[in-house]
**Student:** 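Take a look at the following structure, please.
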Amino acid sequence: MSSVRLEGIAKRFGSTEVIRGVDLDIQSGEFVVFVGASGSGKSTLLRMIAGLEQPSEGRVFIGDSDVTDAPPSERGVSMVFQSYALYPHMTVRENIAFGLKLKKTGKAAMEEAVTRVATMLEIEALLDRKPGQLSGGQRQRVAIARAIVREPDVFLFDEPLSNLDAALRTRTRIEIKDLHRKLAATMIYVTHDQVEAMSLADRMVILNGGHIEQVGPPVVLYHEPATKYVAAFLGSPTMNFLPPSVVGDAGGADSVGIRPEDMRVADSGLSGTIEEVEELGETRILHVKLEGGETIAVRDRSLDDPKIGQVVSVTFDDTAIHRFDAKGARI
Ligand SMILES: Nc1ncnc2c1ncn2[C@@H]1O[C@H](COP(=O)(O)OP(=O)(O)OP(=O)(O)O)[C@@H](O)[C@H]1O
Ligand SMILES: [Mg+2]
């Protein structure tokens, strides 16, 4: 395992700057997740660490080595892509062993390594099948096995679960977390799924338009977002943003934010009309149009039978209020 350091990274495609001024220190053994909207630069940043893309400016370090000019094969990294990129004509065993063949590993050592990772990922029974005879989740595990068997210092994952159904996604996510614990390897993982990001990450890196908006442990980013962008990005439904006057706040903020789960129906508070009711099983979201015209989401299931058009009062604790200045920075 190795640390990874990015120093002053910028990337331009022609005259379009897609990554700018990225500095990042990833500790050895850390699980770091890059998250951000589509086009924010997650894959490009990951590909520059892998060596599949050359930065326009800045340096990439893996461990103590400056690898900016090194080819992918000399960086000690393994990458798992969204599309599994397995060889269709090879068996699972051959696919997994492929990375080792290139390294000229002996036959016995190769057999042993393949068996070891196949056992770890519970795909021993599938070793003689071809990728076409596997389910999506099994293929994804083969792709992960192929990455692991090379014993890289750093694992890079680019949306590895996005082709899987919800149940399999959750299961494989737990497997990846477990794998991280077992291997104690450095992992850098790209996703646009914030639940996946929050559940996997030691630290999350939130990208916005090619720059880092905030870096930190998931709970810190969720509860103490540095910017309005981060506040809005994390949480579903998103944080409610209101003019400060609506919440009786005269403290110099440009806008205030309150998360749906921090709001509740009460006997008094902000008055509004229920516009929509979302029953989600374990929770319920009320969409309430306030008298001032703003619509807010309230996560509350206390009403017996909420009706569209019903007038309700919504309240919250002062401690739940996030304040932002005109530039979107937290104050
Ligand atoms: N080879 C390229 N040539 C020109 N522009 C590119 C190239 N690769 C990526 N881009 C642009 O760089 C920006 C960042 O792309 P990137 O693939 O890193 O985004 P992403 O965050 O991974 O998005 P997604 O979530 O959709 O995968 C996008 O605007 C994209 O159009
Ligand atoms: Mg991408």
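As the structure lists them, so they are numbered: ligands from 1, and atoms in each ligand from 1.
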**Student:** Between NZ of Lys228 and CZ of Phe241, what distance do you get to the nearest 0.5 Å?
**Tutor:** 6.0 Å
**Student:** Considering only protein heavy atoms, which is closest to atom 17 (O) of ligand 1, and at what distance to one decimal place?
**Tutor:** Ser43 CB, 3.8 Å
**Student:** Taking 2.8 Å as the cut-off, does an N/O/S atom of Ser38 lie below it from the Mg ion (ligand 2)?
**Tutor:** no
**Student:** One residue to check: Thr44. Relative to ligand 1, which of side chain, backbone, both or neither has a non-hydrogen atom less than 4.0 Å away?
**Tutor:** both
**Student:** Any idea how His89 and Tyr87 line up, ring-wise: parallel (<30°), tilted (30 to 60°), or perpendicular (>60°)?
**Tutor:** perpendicular
**Student:** Does some non-hydrogen atom of Gly39 fall short of 4.0 Å from ligand 1?
**Tutor:** yes
**Student:** May I ask you to say whether Arg59 pairs ionically with Asp66, meaning some side-chain N is under 4.0 Å from a carboxylate O?
**Tutor:** yes
**Student:** At less than 4.0 angstrom from any non-hydrogen atom of Glu159, what atoms of ligand 1 do you find?
**Tutor:** 25 (O)
**Student:** Any carboxylate oxygen within less than 4.0 angstrom of a Lys/Arg side-chain nitrogen, looking at Asp300 and Arg284?
**Tutor:** no
**Student:** With heavy atoms of Ala37 as the reference, note each atom of ligand 1 found under 4.0 Å away.
**Tutor:** 21 (O)
**Student:** If you have a sec, work out which protein heavy atom is nearest atom 26 (O) of ligand 1 and how many Å separate them, to one decimal?
**Tutor:** Ser38 OG, 2.6 Å
**Student:** Please could you name the atoms of ligand 1 that Val18 approaches to less than 4.0 Å, counting only its heavy atoms?
**Tutor:** 11 (C), 12 (O), 13 (C)
**Student:** Is there a salt bridge (Lys or Arg N to Asp or Glu O under 4.0 Å) between Arg116 and Glu151? Walk through the geometry before answering.
**Tutor:** CA-CA 12 Å; Arg116 186 171 46 80; Glu151 299 182 4; 3.2 Å; yes
**Student:** Looking only at protein heavy atoms, which one is nearest to atom 25 (O) of ligand 1, and what is the separation?
**Tutor:** Lys42 NZ, 2.8 Å
**Student:** Quick check, are the ring centers of Tyr189 and Phe34 under 6.0 angstrom apart?
**Tutor:** no
**Student:** Determine whether any protein heavy atom is located less than 4.0 Å from atom 5 (N) of ligand 1.
**Tutor:** yes
**Student:** Establish, yes or no, whether the cationic atom of Arg150 lies under 6.0 Å from the six-membered ring centre of Phe98 and within 45° of the ring axis.
**Tutor:** no
**Student:** Below 4.0 Å from ligand 1: does a non-hydrogen atom of Arg47 turn up there or not?
**Tutor:** no
**Student:** Without swapping roles, check the side chain of Glu111 against the backbone of Ala108 for a donor-acceptor pair under 3.5 Å.
**Tutor:** no
**Student:** What protein heavy atom sits nearest atom 7 (C) of ligand 1, and how far away is it?
**Tutor:** Phe13 CE1, 3.3 Å
**Student:** Between Arg139 and Leu86, which heavy-atom pair has the shortest distance, and what is it?
**Tutor:** O-CD1, 3.7 Å
**Student:** N/O to N/O below 3.5 Å, does that happen between Leu45 and ligand 1?
**Tutor:** no
